[in-house]
Q: 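I am attaching a structure below and will ask some questions about it afterwards.
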Amino acid sequence: LPCLSIVEIHDVFHLRNESFESFGFQAPTEMTKSMEIATLAEYDFVVCISQAESEYLNSQNYEKSILLFFQRVSYF
């Protein structure tokens with residue numbers, strides 16, 4: 001039986017690297033846009049916890065991202 005592969009991301013790393021560099025720092029990981037998109041392409045779906053990241057990936061013709069909405073739950 002074939003299984004779907006899913007990855008959850010909390011950052012688009014190549015954008016994070018650009019942010020580090022804009023402040024004169026080196027990011028802890030080396031990730032280019034093409035490397036990251038190629039890596040994400042290995043999965044059937046990419047779950048994003050940020051709407052901005054999901055929209056960004058979709059704007060880059062990467063249409064396998066899913067936005068995961070969190071709802072606060074009060075237990076008290």
Side-chain angles (χ1 to χ4, degrees):
L1 253 191
C3 295
L4 293 176
S5 59
I6 300 171
V7 63
E8 180 271 323
I9 63 170
H10 63 277
D11 271 323
V12 176
F13 279 100
H14 70 272
L15 296 179
R16 188 171 189 228
N17 290 354
E18 291 172 9
S19 179
F20 268 80
E21 292 169 5
S22 73
F23 289 99
F25 296 101
Q26 183 175 350
T29 60
E30 295 290 327
M31 181 70 68
T32 65
K33 178 179 176 180
S34 60
M35 288 169 52
E36 185 163 19
I37 296 297
T39 300
L40 294 176
E42 295 177 14
Y43 296 93
D44 293 310
F45 296 101
V46 175
V47 176
C48 300
I49 61 172
S50 161
Q51 183 173 355
E53 291 171 355
S54 179
E55 290 173 353
Y56 171 78
L57 289 175
N58 288 331
S59 76
Q60 301 301 303
N61 296 320
Y62 186 83
E63 299 178 3
K64 298 192 299 184
S65 69
I66 300 171
L67 177 60
L68 181 62
F69 284 101
F70 291 97
Q71 182 177 1
R72 291 183 181 254
V73 177
S74 176
Y75 294 102
F76 302 100

Q: Not counting sequence neighbours, list each pair that qualifies as a side chain to side chain donor-acceptor pair (under 3.5 Å) and has a residue in residues 18-28.
A: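 Sorted result for residues 18-28: Gln26-Glu30.
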
Q: If only atom types and distance count, is the side chain of Asn17 paired as donor or acceptor with the main-chain N or O of Thr32 below 3.5 Å?
A: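 Here the side-chain-to-backbone pair does not exist.
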
Q: Could you pull out all residues at least two apart from Asp44 that satisfy salt bridge (Lys or Arg N to Asp or Glu O under 4.0 Å)?
A: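 Residues passing salt bridge (Lys or Arg N to Asp or Glu O under 4.0 Å) with Asp44: none at all.
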
Q: For the hydrophobic clusters of this structure (ILVMFWY residues joined by side-chain heavy atoms under 4.5 Å, transitively), does one cluster hold both Leu15 and Met31?
A: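 As far as the 4.5 Å side-chain criterion goes, Met31 and Leu15 are not connected within one cluster.
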
Q: For the side chain of Ser59 and the backbone of Tyr56, is there at least one donor-acceptor N/O pair under 3.5 Å apart?
A: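 Pair found, side chain donor or acceptor close to backbone of Tyr56.
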
Q: Find the distance between CD (Glu36) and CZ (Arg16) and round it off to the nearest 0.5 Å.
A: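 CZ of Arg16 is found 11.0 Å from CD of Glu36.
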
Q: What distance do His10 atom NE2 and Cys48 atom SG have between them, rounded to the nearest 0.5 Å?
A: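 Here the interatomic distance stands at 12.0 Å.
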
Q: Hydrophobic clustering (ILVMFWY, side-chain heavy atoms < 4.5 Å, transitive) - are Tyr43 and Val12 grouped together?
A: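 Result: yes, single cluster for both.
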
Q: Can you confirm whether Leu40 sits close enough to Ile9 that some side-chain heavy atom of one is under 4.5 Å from a side-chain heavy atom of the other?
A: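 With C-beta onward as the side chain, the pair touches.
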
Q: Going by the ring-ring contact (aromatic ring centres under 6.0 Å, His included) test, which pairs reach into residues 16-37, not counting sequence neighbours?
A: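 Of all non-adjacent pairs touching residues 16-37, none passes ring-ring contact (aromatic ring centres under 6.0 Å, His included).
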
Q: Please say yes or no: joined through hydrophobic side-chain contacts below 4.5 Å, possibly via intermediate residues, are Ile37 and Met35 part of one cluster?
A: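 No.
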
